Amino acid sequence: MISPVLPTYTRAPLSFKKGQGPWLETDDGEMYLDMGAGIGVCALGHAHPKLIAVLEEQARRLWHTSNLYEIPNQQALAEKLVEHTFADTVFFTNSGTEAVELAVKMARKYFSAKGQPGRVEIITFEGAFHGRSAAGIAASGGAKMVEGFGPLLPGFVQVPFNSIEATKDAITENTAAIMLEPIQGEGGIRPFGDDSLKALRALCDTHGLLLIMDEIQCGMGRTGRLFAHEWAGVTPDIMTIAKGIGGGFPLGACLATEGAASGMVAGTHGSTYGGNPLACAVGCAVMTEITSDGFLIDVSRLAGHLRQGLEGLVAEHPDIFAFVRGEGLMLALGCKVPVADVVNAGYGEKVLVVPASDNVVRLLPPLNMSTEEVDEAVWRLDRAAVMLERKLDCVNDKGLQA
Ligand SMILES: *Cc1c(COP(=O)(O)O)cnc(C)c1O
C-alpha cells in the first residue's frame with residue numbers, strides 16, 4: 001500500500017525534534033552534528049535567535065496580503081540584494097526551481113521583446129541541477145529526472161561539463177542564454193573555476209547572449225563571498241538564488257540587470273506567495289547577518305580549517321576517501337567505497353553528510369559554526385572511516401579464507 005506521503009524520497013530512518021546551531025536532537029535525545037544543514041539551507045544553523053525574533057515579530061503582525069499590495073519588507077530585501085550584487089531588480093519565489101523557471105522565461109522574453117522571438121535556446125552543462133519544475137528538469141536533463149514525464153520543454157541544449165569549446169560549438173542564431181551553477185551542487189561539488197566563468201562571460205558578450213547563473217546552492221556566503229561568481233570577477237545577467245537566503249524559511253529569488261529584465265513588464269509573471277511578509281522578514285535578517293562586518297572573512301577562515309581537516313581524512317584513510325574538492329564551506333569528499341556507505345557510517349557516528357553525484361559526500365555546514373564544532377565533525381567522520389575500514393578488512397579476510 002502506498003504511504004500517505006508520496007514515496008518519491010529515500011529517507012534515512014532518522015527524525016529530529018529540535019535544532020540548535022549545527023546540532024540536531026532526535027526524539028531520544030541523541031545529538032547529531034549537521035554538516036548538511038538541510039542541503040545548504042540553514043546557513044545560520046538551527047534556531048538562530050535573530051531569525052526567531054524577526055519571524056515571531058512578523059507572525060504576530062501580518063502573515064500574508066498578496067502581491068496586490070505593497071510589501072515593505074519585500075521591498076527592503078530587494079533593496080539589500082540590489083545593493084550587494086550586480087542586479088538592478090529582484091523577483092521573489094518560494095523555491096529554487098521557481099526562480100529557475102523565471103530565469104528561463106525572462107531570457108526568452110528578453111529576445112522576444114527585442115523582436116527576436118526565435119532565440120529561445122539555453123545551453124546547460126552535464127551534471128547540472130536546476131530543480132524539478134518542467135523547465136528545471138529540461139534544463140537539468142538527468143535521466144531519472146526526465147524519464148516518463150512526456151515531451152520536455154524544448155529549447156535546451158546540453159554540453160559536457162565545463163567544456164568551453166563545446167559551448168562555443170553549440171551556439172546558434174537561436175541561442176538565448178548559457179546557464180550554469182558556478183559550482184555544481186547535486187552534480188558532485190564541481191567548480192567551473194574562474195577562467196571558465198570568464199570565458200563563458202566573454203562568449204556571451206561576443207554573441208549577445210544572456211549569462212544565467214544558478215547560485216541556489218553556492219550563493220549566500222557559502223564560498224566566502226556573498227556569491228560564488230564574485231571570485232572570478234565576472235557577473236551574470238540573471239541569477240537564481242534560494243536555499244540559504246531563507247535560512248530554512250521557503251524563499252527564492254531571481255535577480256537580474258535592468259537590461260535582462262526589460263521584457264518583464266506588468267502582468268508577465270507573478271506568484272501568490274512569492275515574497276510574502278514572513279519569508280522576507282527572515283530573508284532580510286539572513287542578509288543582514290551574512291553581510292555584517294567580518295562574517296564572510298570568518299566563513300573563509302572556517303572553510304580553511306574544515307578543508308585542512310578533510311585533507312587529513314584523505315591522508316589517513318586512503319581506502320575510503322580519494323580527494324577533497326569545492327570552495328569555502330561547499331566541500332566534497334570523494335569516496336572510494338559507495339557513497340551511501342559513508343553517509344550511513346556518518347549516521348552511526350552521529351554526523352550528517354549529504355550524498356551527491358560522482359560518488360562524493362557533500363559538506364554544506366552552517367556558515368557560523370565554531371572551529372571546535374568543525375573539529376568535532378572531522379573527528380566523527382574519522383571514526384566513521386575507521387568503521388568502514390574494519391568492514392573492508394572483514395571482507396578482505398573472508399576473501400583470503402575462501
Ligand atoms: C536545490 C537547487 C535547485 C532547486 O531548488 P528547490 O528549492 O528544490 O526548487 C536548483 N538549483 C540548484 C543549483 C540547487 O541546488
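Below, each value reflects all heavy atoms present in this structure, side chains not excepted, and no hydrogens, waters or symmetry copies. Numbering of ligands and ligand atoms starts at 1, following listing order. Everything quoted here is computed from the prediction, not taken from an experiment.
- Distances from atom 15 (O) of ligand 1 to the protein include at least one heavy-atom value under 4.0 Å.
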task = Show the numbers, then the answer: is there a salt bridge (charged side-chain N to carboxylate O under 4.0 Å, His left out) between E57 and R61?
result = CA-CA 7 Å; E57 195 275 334; R61 269 193 308 120; 2.8 Å; yes
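- Ranking the protein heavy atoms by distance from atom 1 (C) of ligand 1 puts K243 NZ, 1.5 Å first.
- Between F86 and F227, the distance from one ring center to the other does not fall under 6.0 angstrom.
- The protein heavy atom nearest to atom 12 (C) of ligand 1 is F129 O, 3.3 Å.
- Nearest protein heavy-atom neighbour of atom 7 (O) of ligand 1: G96 N, 2.8 Å.
- Ionic pairing of R380 and D375 is not present here: no N-O contact between side-chain nitrogen and carboxylate oxygen is shorter than 4.0 angstrom.
- Closest protein heavy atom to atom 9 (O) of ligand 1: T97 N, 2.8 Å.
- Listed by number with element, the atoms of ligand 1 under 4.0 Å from a non-hydrogen atom of E181 are 13 (C).
- Near G131, meaning under 4.0 Å from any of its heavy atoms, are these atoms of ligand 1: 4 (C), 10 (C).
- Regarding atom 11 (N) of ligand 1, its nearest protein heavy-atom neighbour is D214 OD2, 2.7 Å.
- Electrostatic pairing of E165 and K168 counts as a salt bridge here, judged by a charged N lying under 4.0 Å from a carboxylate O.
- Heavy atoms from both the backbone and the side chain of S95 come within less than 4.0 Å of ligand 1.
- The number of heavy-atom neighbours closer than 6.0 Å to CZ of F295, taken from other residues, nucleotides and ligands shown, is above 12.
- Among the atoms of Q217, some N or O lies under 3.5 angstrom from an N or O of ligand 1.
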request  = Please lay out, stage by stage, how N162 and S196 fare under the test side chain to side chain donor-acceptor pair (under 3.5 Å).
outcome  = CA-CA 7 Å; N162 210 356; S196 293; 2.7 Å; yes
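- E56 places no side-chain N or O within donor-acceptor distance of the main-chain N or O of R60, the cut-off being under 3.5 Å.
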